[in-house]
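Data block below; observations after.
These values consider heavy atoms only, across backbone and side chains, with no hydrogens, waters or symmetry-generated copies. Per chain, numbering begins at 1; letters A, B, ... match sequence-line order.
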2 protein chains.
Amino acid sequence: MSISSRFAVAIHILSLLGMNKDQVNTSEWIAGSVNTNPVVIRKITGYLKNAGLVHVRPGVAGASLARDLSEISLLDVYKAVQVVPENELFGIHDQPNPACTVGRNIQQAIEPLFATAQLALEKALGNVTIADVVSNILERERLRSN
Amino acid sequence: MSISSRFAVAIHILSLLGMNKDQVNTSEWIAGSVNTNPVVIRKITGYLKNAGLVHVRPGVAGASLARDLSEISLLDVYKAVQVVPENELFGIHDQPNPACTVGRNIQQAIEPLFATAQLALEKALGNVTIADVVSNILERERLRSN
DNA sequence: GTTACATGTAATATAATATGTTACAGGTTG
DNA sequence: CAACCTGTAACATATTATATTACATGTAAC
């Protein structure tokens with residue numbers, strides 16, 4: 001099973017906001033680019049707002065960036081949209097048998113190992129910003145027109 | 001959402017097999033330690049068998065290691081039990097709008113970034129073996145008895 | 001202040017998935 | 001043959017992701 005595409009959609013949204021700073025980006029308009037329902041966009045935008053990444057206000061059309069794209073890492077977005085429960089990228093089976101040596105120690109033995117792997121993932125996400133994503137998009141667009 | 005605990009259970013199983021090499025480890029016995037149904041164990045053991053990590057035969061009681069524990073990394077197990085579709089740790093929304101600059105480039109722009117993060121995760125998992133896990137378990141067990 | 005329109009959010013529908021369980025077919029050993 | 005195990009299909013249940021409808025609330029323009 002994969003990590004929710006909500007993460008990818010959030011990146012899509014932020015890229016749009018960065019490229020259309022002078023436009024009014026309504027949830028319906030964004031939904032048209034992402035190809036989903038406006039409510040889905042509003043929900044995700046809500047996560048981004050709570051994380052302080054975008055500005056949105058009830059009744060006022062459009063979302064806008066709260067920070068420069070170069071100051072929003074993929075990790076910021078990843079955490080904002082909560083696609084993975086905090087420190088629980090890897091699920092652990094609960095209630096192993098305490099009467100067994102392995103059973104009564106496995107959870108604590110595994111936990112730090114999983115945490116290390118998770119941190120490696122997060123560090124990689126922290127090394128990239130949405131500005132990088134937009135640069136990449138623009139580069140690809142340039143190549144298309146040739 | 002977290003990665004299936006099937007991964008953690010598989011580590012549990014292999015740890016058991018390593019610590020009880022002289023015993024006959026039936027699916028029912030293992031299930032008792034993991035605290036689940038024997039069929040679940042047999043299913044996971046099947047994955048491990050397909051990956052060449054354990055020996056099991058229809059009709060013959062017990063599973064056993066096909067390799068030394070020090071030669072089974074968490075990454076081997078992770079891949080064996082297929083808790084994540086190949087190269088798709090991160091889900092991507094499909095069919096973004098091709099009429100939009102972002103829509104028609106976002107997938108290809110994001111893909112390599114996600115791949116890099118995924119590789120970082122896998123590399124971390126590759127650095128640890130089941131032997132390390134068992135050592136950790138034994139160390140914790142020693143501390144308990146003091 | 002009322003009209004038009006946008007966001008926020010609850011409620012619901014549907015599909016996919018994880019986990020557990022029953023049932024049983026087929027293999028192996030004594 | 002008898003006892004027992006693994007492999008696996010079939011099914012139940014719970015959880016989750018995504019989409020959708022409906023509507024309450026906020027804002028701005030006229």
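At a non-hydrogen distance threshold of 4.0 Å, nothing from residues 10-18 of chain A comes into contact with DNA chain C.
At the phosphate of C:dA18, neither OP1 nor OP2 sits under 4.0 Å from any side-chain N or O atom of B:S5. Listed pair A:S4 / D:dT18 meets the phosphate criterion, a side-chain N or O lying under 4.0 Å from OP1 or OP2. Checking the phosphate oxygens (OP1, OP2) of C:dG20, a side-chain nitrogen or oxygen of B:T36 falls inside 4.0 Å.
Place A:K43 and A:M1 on DNA chain C by their nearest nucleotides, and A:K43 ends up nearer the 5' end.
Nucleotide C:dT17 holds its C1' atom 19 Å from the CZ atom of B:F7, rounded to whole Å. To the nearest angstrom, P of D:dT18 lies 11 Å from NE2 of B:H93.
Shown here are the side chain to side chain contact (heavy atoms under 4.5 Å, CB included) partners of A:V24, two or more places apart in sequence or in another chain: A:T26, A:A61.
B:R104 places no side-chain N or O within donor-acceptor distance of the main-chain N or O of A:E141, the cut-off being under 3.5 Å.
Summarising the local packing, CD of A:E28 is surrounded by 12 or fewer heavy atoms from other residues, nucleotides or ligands at distances under 6.0 Å.
Between B:S73 and B:D76, the side chains place a donor N or O and an acceptor N or O closer than 3.5 Å (distance only, hydrogens not considered).
Residue B:G62 is classed as a sugar-phosphate contact, given heavy-atom separations below 4.0 Å to backbone atoms only. A:T45 comes within contact range of no nucleotide atom at all, as no heavy-atom separation falls under 4.0 Å.
Each of B:L16, B:V134, B:L14 was compared with A:V102 under the side-chain contact (heavy atoms from CB on, under 4.5 Å) criterion, and only B:L16 meets it.
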At under 4.0 Å between heavy atoms, which parts of nucleotides 22-30 of chain D does protein reach? Answer with one letter per nucleotide, 5' to 3': B base, S sugar-phosphate only, - none.
B---BSS--
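Under the 30°/60° scheme for interplanar angles, the aromatic rings of B:H93 and A:H12 are found to be tilted.
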